[in-house]
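Below is one structure, written out as structure tokens; the observations come after it.
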There are 2 protein chains.
Amino acid sequence: MAVNGRQGGRPTLEEVAARAGVGRGTVSRVINGSPRVSDRAKAAVSRAIAELGYVPNRAARALAGARTDAVALVIPETEARLFAEPYFLDIIRGVSAELADADKQLLLTLIRSRKERQRFEQYLAAQRVDGVLLVSVHADDPLPDVVRELSIPAVLNGRRSESEPVAYVDSDNVGAGRSAVAHLAERGRRRIATITGPLDMYVARCRLDGYRQGLAAAGLVGDERLVAAADFTEEGGRRAMRDLLERCPDLDAVFAASDVMAAGARVALRETGRRVPDDVALVGVDDSAVARHMDPPLTSVRQPIEEMGRVMARVLLQEIAGTEAEPRQLVLPTELVVRDSA
Amino acid sequence: MAVNGRQGGRPTLEEVAARAGVGRGTVSRVINGSPRVSDRAKAAVSRAIAELGYVPNRAARALAGARTDAVALVIPETEARLFAEPYFLDIIRGVSAELADADKQLLLTLIRSRKERQRFEQYLAAQRVDGVLLVSVHADDPLPDVVRELSIPAVLNGRRSESEPVAYVDSDNVGAGRSAVAHLAERGRRRIATITGPLDMYVARCRLDGYRQGLAAAGLVGDERLVAAADFTEEGGRRAMRDLLERCPDLDAVFAASDVMAAGARVALRETGRRVPDDVALVGVDDSAVARHMDPPLTSVRQPIEEMGRVMARVLLQEIAGTEAEPRQLVLPTELVVRDSA
DNA sequence: CTGGGTAGTGGGAGCGCTCCCAAACTAGCG
DNA sequence: CGCTAGTTTGGGAGCGCTCCCACTACCCAG
């Protein structure tokens with residue numbers, strides 16, 4: 001038994017028009033919310049639509065109009081393993097919520113190889129999406145430029161440099177470093193080290209800047225030996241922590257630029273018999289599940305990840321619509337979540 | 001400067017045909033890999049495609065043919081919070097990899113409200129996807145049946161009951177419980193408790209069954225007081241653990257049906273002064289990040305999550321193609337990962 | 001040499017929409 | 001009461017593809 005309509009075929013716009021006793025154009029206008037329709041016609045069409053259970057065929061729409069009602073969210077897979085993974089899920093959640101409200105499709109694209117990257121670029125060239133959301137782009141990633149050259153609206157999560165030309169939504173990474181250090185200094189820590197992310201990523205450089213600003217604000221002198229670069233992985237955090245302890249056995253606090261690295265640092269601290277927070281205080285970034293489950297639970301700087309997803313989607317939708325009310329480049333605030341590690 | 005073609009317009013199949021000196025039909029045949037094309041024509045068309053940088057317009061394809069080359073992955077949002085979240089990311093990863101190989105789109109749909117659910121059903125009715133992947137369906141979820149009624153190919157992750165009619169890919173949850181208990185018994189534990197998931201979920205009942213089978217296999221007598229139901233959340237695990245300790249202070253091991261619940265149990269154990277594993281051994285399920293970061297690191301039963309994603313996608317693609325070589329209902333093995341908690 | 005294949009091909013007829021132009025109506029004004 | 005200006009409407013012309021039918025070559029058996 002077909003749900004409705006004859007022979008299982010979905011009703012078409014033409015059938016709606018026939019039933020409402022109007023022309024195709026009028027039905028189309030009603031569906032697309034054009035103001036140039038009389039109330040009488042609008043009512044008749046609405047009723048016909050309801051009676052027939054009509055749902056517009058998107059393929060036909062995409063072909064006739066020049067839009068697809070779909071947006072791609074692109075995640076370079078190399079990053080996916082590095083970052084705390086729930087990050088992406090939260091971004092997705094935010095994006096999805098916002099797109100659902102606008103009745104747009106979310107197309108998820110993980111790119112993990114040259115081949116897939118190429119395929120995706122082809123895909124873009126084929127005008128298959130109305131816009132693109134790019135997550136965790138490296139400083140040397142050409143993808144945003146490719147997208148721009150095709151003049152497809154795009155919004156980044158994070159930026160590649162201070163003077164990012166493409167629209168982006170970022171969190172206040174400098175502020176994150178600053179507030180972490182401020183907190184540590186407040187608790188009387190004086191020899192505060194940091195474990196950074198890979199310094200070819202702008203986000204990592206920002207957090208390091210914040211760290212330095214925090215030291216300055218607290219009247220502490222910087223010491224380059226207290227800075228160790230890692231790569232956002234747990235193993236990297238562990239190695240960096242070992243190096244730091246070797247170079248500066250007197251350090252009494254560490255600001256790790258991610259929870260995952262903090263977890264690695266925690267291991268190294270335990271291996272060398274340091275207690276947290278008694279001997280060394282520890283602060284991370286992300287406020288992820290890892291932070292809550294560490295022993296002791298990790299003090300961490302929270303980023304509004306889901307919110308970033310929402311905002312990204314909103315900005316993108318505006319770029320697509322051509323109504324750029326909101327600014328195209330946004331930095332969202334972060335917030336220190338104090339637990340037992342510092 | 002346009003990338004290629006005149007006036008920035010993407011080249012069409014018609015233009016390819018003109019350039020290759022053949023008809024539209026022939027080009028279409030080449031693109032779709034029909035065998036009924038001479039090598040000469042094939043070569044000419046291939047060259048023309050390369051020269052023009054032609055990429056087929058999917059909307060036109062979808063409209064003309066009756067397929068979309070897109071597959072929806074549906075995640076009911078209520079679950080997203082409960083399950084260890086990286087789970088979904090791993091599923092997505094597997095699905096995405098497999099779909100990319102088949103050059104299909106992945107459409108991600110989070111459903112978090114009645115409204116969104118309804119919208120999605122409409123969407124399905126509009127024949128907007130070739131198939132559907134459903135993750136973490138509750139026993140009473142009607143969605144799989146809706147999909148089947150629309151005769152859209154579908155594959156579930158997990159099943160709703162023993163006699164699931166829809167195609168599914170599941171992991172061996174009974175085996176998971178069994179091997180966890182076997183391990184505990186092997187280490188000399190005698191009073192083994194379990195914290196289950198919500199028993200209206202088949203996965204939870206399976207793990208409980210496995211637990212019972214494990215006890216029997218080890219020659220231990222079951223004791224219903226050693227069974228506490230929870231809901232896959234940390235807080236639930238904690239509460240369940242407290243109840244268990246109150247009822248049976250003499251228990252010496254716990255099998256928690258998820259890592260997250262194990263983490264909750266861990267808290268309750270610490271609160272009551274129990275050491276892990278000395279006083280109480282603990283085993284979880286999922287082998288998630290949480291497990292690795294617990295103190296002590298949690299012994300856990302690993303499910304091949306990404307692999308499940310891959311297999312789901314593969315089965316779905318076969319259902320779509322109509323070539324059902326592989327069985328439609330698969331159960332993948334699990335594996336015990338021994339750490340320090342048991 | 002003929003008839004009956006069989007590979008290979010071209011192109012008409014749509015798929016269901018949006019765009020847009022011209023027709024049909026309305027109202028307002030001199 | 002005719003004329004202009006504005007509003008509302010119908011429907012033709014595509015969008016770029018696939019499907020499929022008809023047609024041409026060519027081959028082989030009779």
Side-chain angles (χ1 to χ4, degrees), chain A residues 5-45 48-49 52-70 103 122-123 125-128 130, chain B residues 5-46 48-49 52-70 103 123 125-128 130:
Chain A
R6 356 107 308 201
Q7 261 109 272
R10 309 286 315 160
T12 70
L13 183 144
E14 188 104 37
E15 287 164 23
V16 173
R19 176 153 196 139
V22 300
R24 263 185 5 261
T26 303
V27 176
S28 179
R29 257 161 265 159
V30 170
I31 289 171
N32 296 295
S34 157
R36 321 219 130 291
V37 190
S38 67
D39 289 346
R40 235 170 57 76
K42 205 179 303 183
V45 170
I49 287 177
L52 260 42
Y54 169 73
V55 182
N57 178 322
R58 295 229 190 196
R61 243 182 165 165
L63 182 57
R67 72 171 191 295
T68 61
D69 285 339
D103 203 20
Q122 270 215 341
Y123 186 77
Q127 309 282 9
R128 288 288 301 134
D130 294 341
Chain B
R6 359 109 303 210
Q7 265 108 274
R10 308 288 316 160
T12 71
L13 185 144
E14 189 105 35
E15 286 163 25
V16 173
R19 175 152 198 142
V22 300
R24 263 186 5 260
T26 303
V27 177
S28 179
R29 263 166 295 223
V30 171
I31 290 171
N32 295 296
S34 157
R36 320 220 132 290
V37 190
S38 67
D39 290 346
R40 232 169 60 76
K42 204 179 305 184
V45 170
S46 300
I49 287 177
L52 261 43
Y54 169 73
V55 183
N57 178 321
R58 295 229 190 197
R61 242 180 168 170
L63 181 57
R67 72 171 192 294
T68 60
D69 285 338
D103 204 20
Y123 187 76
Q127 309 280 9
R128 288 288 301 133
D130 293 341

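If you're wondering where the values come from, they're calculated on a predicted model, not measured in any experiment. We use all heavy atoms of the structure for the numbers below, so side chains are in, but hydrogens, waters and symmetry mates are not.
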Quiz prompt | For atom CZ of R58(A) and atom P of dC17(D), their distance in whole Å | solution = 21 Å
Quiz prompt | From T12(A) atom OG1 to E15(A) atom CD, the distance as rounded to the nearest 0.5 Å | solution = 4.0 Å
Practice problem: Report which part of the nucleic acid A17(B) touches: base, sugar-phosphate, or nothing (heavy-atom distance under 4.0 Å, all strands). | Solution: nothing
Quiz item: Does some side-chain heavy atom of R24(A) sit less than 4.5 Å from a side-chain heavy atom of V27(A)?
Solution: no
Quiz prompt | Any S38(B) side-chain N or O less than 4.0 Å from OP1/OP2 of dA7(C) | solution = no
Quiz item: Given atom CG of D39(A) and atom C1' of dT8(D), what is their separation to the nearest angstrom?
Solution: 12 Å
Quiz item: Just checking A59(A): base, sugar-phosphate only, or nothing, at a heavy-atom cut-off of under 4.0 Å?
Solution: nothing
Practice problem: Give, for atom CD1 of I31(A) and atom OH of Y54(A), the distance between the pair rounded to the nearest 0.5 Å. | Solution: 4.0 Å
Quiz item: At under 4.0 Å, does any side-chain N or O of T26(A) touch on OP1 or OP2 of dT9(D)?
Solution: no
Exercise. For side chain to side chain contact (heavy atoms under 4.5 Å, CB included), just list the numbers for K42(A) and V45(A), CA-CA rounded to whole Å, side-chain angles, deciding distance to a tenth of an Å, and then say yes or no.
Key: CA-CA 5 Å; K42(A) 205 179 303 183; V45(A) 170; 6.0 Å; no
Self-check item: Pairs involving residues 26-36 of chain B, ordered by first then second residue, that meet salt bridge (charged side-chain N to carboxylate O under 4.0 Å, His left out) (sequence neighbours left out)
Solution: none
Exercise. Identify which nucleotide among dT9(C), dC17(C), dG16(D) has an atom closest to any side-chain atom of V37(B), counting heavy atoms from C-beta outward.
Key: dT9(C)
Practice problem: Grab the CG-P distance between L63(B) and dC15(D) for me, whole Å please. | Solution: 13 Å
Quiz prompt | Set of residues satisfying side chain to side chain donor-acceptor pair (under 3.5 Å) with respect to S28(A), sequence neighbours excluded | solution = N32(A)
Practice problem: Nearest whole angstrom, please: distance from the P of dC17(D) to the CZ of R128(A). | Solution: 12 Å
Exercise. Find out whether V55(A) and I49(A) are in side-chain contact, i.e. whether some heavy atom of one side chain is under 4.5 Å from a heavy atom of the other.
Key: no
Quiz item: Rounded to whole angstrom units, what separation is found between the CG atom of N57(A) and the P atom of dG14(C)?
Solution: 18 Å
Quiz prompt | d(CD, E14(A); P, dC17(C)) in whole Å | solution = 9 Å
Name each donor-acceptor pair under 3.5 Å that joins a side chain in residues 62-69 of chain A to protein atoms two or more places apart or in another chain, with its distance.
residue, atom, partner, partner atom, Å
R67(A), NE, D69(A), OD1, 3.4
T68(A), OG1, A70(A), N, 3.2
T68(A), OG1, R128(A), O, 3.4
T68(A), OG1, D130(A), N, 3.4
T68(A), OG1, D130(A), OD1, 3.0
D69(A), OD1, K104(A), NZ, 3.1

Quiz prompt | side-chain contact (heavy atoms from CB on, under 4.5 Å) against A41(A), all qualifying residues, sequence neighbours excluded | solution = T26(A), V37(A), S38(A)
Quiz item: How does each nucleotide of nucleotides 18-27 of chain D score, in 5' to 3' order, for protein heavy atoms under 4.0 Å: base (B), sugar-phosphate only (S), or none (-)?
Solution: B---------
Practice problem: Fill in the dot-bracket string of DNA chain D, one character per base: . for unpaired, | for a pair to another strand, ( ) or [ ] for pairs within the strand, taking Watson-Crick or G-U pairs under 3.5 Å. | Solution: ||||||||||||||||||||||||||||||
